[in-house]
There are 2 protein chains.
Amino acid sequence: MSTLKSSKQRDAVLANLQSRYDHPTAEDIFLAVREVIPSISLATVYRNLKLLESEGLILKIPTGESDRFDGHTQGHYHLTCINCRGVIDLDIDPGVTLNALPRDFDGTVTSHSLMFYGICPDCKKTN
Amino acid sequence: MSTLKSSKQRDAVLANLQSRYDHPTAEDIFLAVREVIPSISLATVYRNLKLLESEGLILKIPTGESDRFDGHTQGHYHLTCINCRGVIDLDIDPGVTLNALPRDFDGTVTSHSLMFYGICPDCKKTN
DNA sequence: CACAATAATGATAATGATTATCATTATTAA
DNA sequence: TTAATAATGATAATCATTATCATTATTGTG
């Protein structure tokens, strides 16, 4: 197993993700980090997103379109707006759902992810 | 707006999806339906999956890899096995999570999807 | 400090999943 | 039965993501 070496690109990707509360795609992150490190490559962004996710430092949110990423790993839930396709945080207790797991389930559950679909406050206001 | 015309390909895709309880990819469905309609094209499978989903007859499950599909639309939850990458049904009351929605949320929620991650019974037995 | 080992990078080619195109075929309503 | 048009199969195109590879940066050691 190879040992991690630090890189300013990886630091910048993580810092960007931790500084924002939307849920950007790899492309979004690429564009943002490029303001700070103009030479950064999209491949490096993808590489580091994968690495950071496997380290447990960020979350990947599959959406059916481009994956989105979240720099805040404490349990919380999301809403996907079916109008603007954006993903926002919701303020709900993350515990409730796990309590509902049936006792007789033969597998092992290690985590869960809850996605709500609907209209986000911004889109609701605008329409 | 164009009016739907029936096709045996679309019927076969829907029938296949409704007859099974795994959560196949478009490719899986293509291979299965080809046993019945050897001339069917993968493009036709994708086309009809999209159409059936927009009609609300099937569910698309984003996974971060290939999308998976579900022919049973009554509310229920899934477990993604982090070992075999399969998706199985879980037997939990779908109501609990919606009750947890905060009252002061300014948007509108129309549906939700809960994905558990862990080891499925088959993989747990085998290892 | 100098250096060797190797992880990380940027550029870009390759892949895999999904969608678009287009000529042909099938379904439908009149 | 026919005209209108939705659906198909074949395949090209697109989009997101990953792999490759030569070069650069980081790190531990003498």
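The sequence lines fix the lettering, A, B, ..., with proteins before strands; numbering per chain opens at 1. Source: prediction; values computed, not measured.
Between A:Thr44 and the phosphate of C:dG10, there is a side-chain N or O to OP1/OP2 separation shorter than 4.0 Å. Neither OP1 nor OP2 of D:dA16 sits under 4.0 Å from any side-chain N or O of A:Thr25. Look at B:Ser6 and you won't find any side-chain N or O under 4.0 angstrom from OP1 or OP2 of C:dT27. In this model, the phosphate group of D:dA16 is approached by a side-chain N or O of A:Ser66 to a distance below 4.0 Å at OP1 or OP2. At the phosphate of D:dA25, neither OP1 nor OP2 sits under 4.0 Å from any side-chain N or O atom of A:Gln9.
Ranked by how close their nearest DNA chain D nucleotide is to the 5' end, B:Ser7 and B:Ala43 are led by B:Ser7. Where A:Gly64 and B:Lys8 each meet DNA chain C at their nearest nucleotide, the meeting point lying more 5' is that of A:Gly64.
Between B:Leu42 atom CG and D:dT8 atom C1' there is a gap of 13 Å when expressed in whole angstrom units. We find that CZ of B:Phe30 is positioned 13 Å from P of C:dA17, with the value rounded to whole Å. B:Asn48 has its CG atom 14 Å from the C1' atom of C:dT19, to the nearest Å. Atom C1' of nucleotide D:dA13 and atom CZ of B:Arg47 are separated by 15 Å, given to the nearest angstrom. B:Leu52 places its CG atom 13 Å from the C1' atom of D:dA7, with the value rounded to the nearest Å. To the nearest angstrom, P of C:dA8 lies 15 Å from CD1 of A:Ile37. Rounding to whole angstrom units, OH of residue A:Tyr46 and P of C:dA8 are separated by 20 Å. What separates CD of A:Glu27 from P of D:dT17 is a distance of 10 Å, to the nearest Å.
Among C:dA7, D:dG9, D:dT8, the nucleotide with an atom closest to any side-chain atom of B:Ser39 is D:dG9. Ranking C:dA8, C:dT18, D:dA7 by closeness to the B:Arg10 side chain, first place goes to D:dA7. Closest to the B:Lys5 side chain, of the nucleotides D:dA6, C:dA5, D:dG9, is D:dA6. Closest approach to the A:Ser41 side chain among D:dT8, C:dA11, D:dA6 is made by C:dA11 (side chain taken as heavy atoms from C-beta onward).
Aromatic pair B:Tyr117/B:His78: ring centres not closer than 6.0 Å. In this structure, the ring of A:His112 has its center no less than 6.0 angstrom from the ring center of B:Tyr77.
A continuous path of Ile, Leu, Val, Met, Phe, Trp and Tyr side chains, each step under 4.5 Å between heavy atoms, connects A:Leu90 with B:Leu114, placing both in one hydrophobic cluster.
There is no side-chain donor-acceptor pair under 3.5 Å between A:His23 and A:Asp28. Defined by atom type and a distance below 3.5 Å, a donor-acceptor pair is present between the side-chain atoms of B:Arg47 and B:Thr44.
In terms of polar N and O atoms assigned as donor or acceptor, the side chain of A:Lys50 never comes within less than 3.5 Å of the base of D:dT17 in a complementary pairing.
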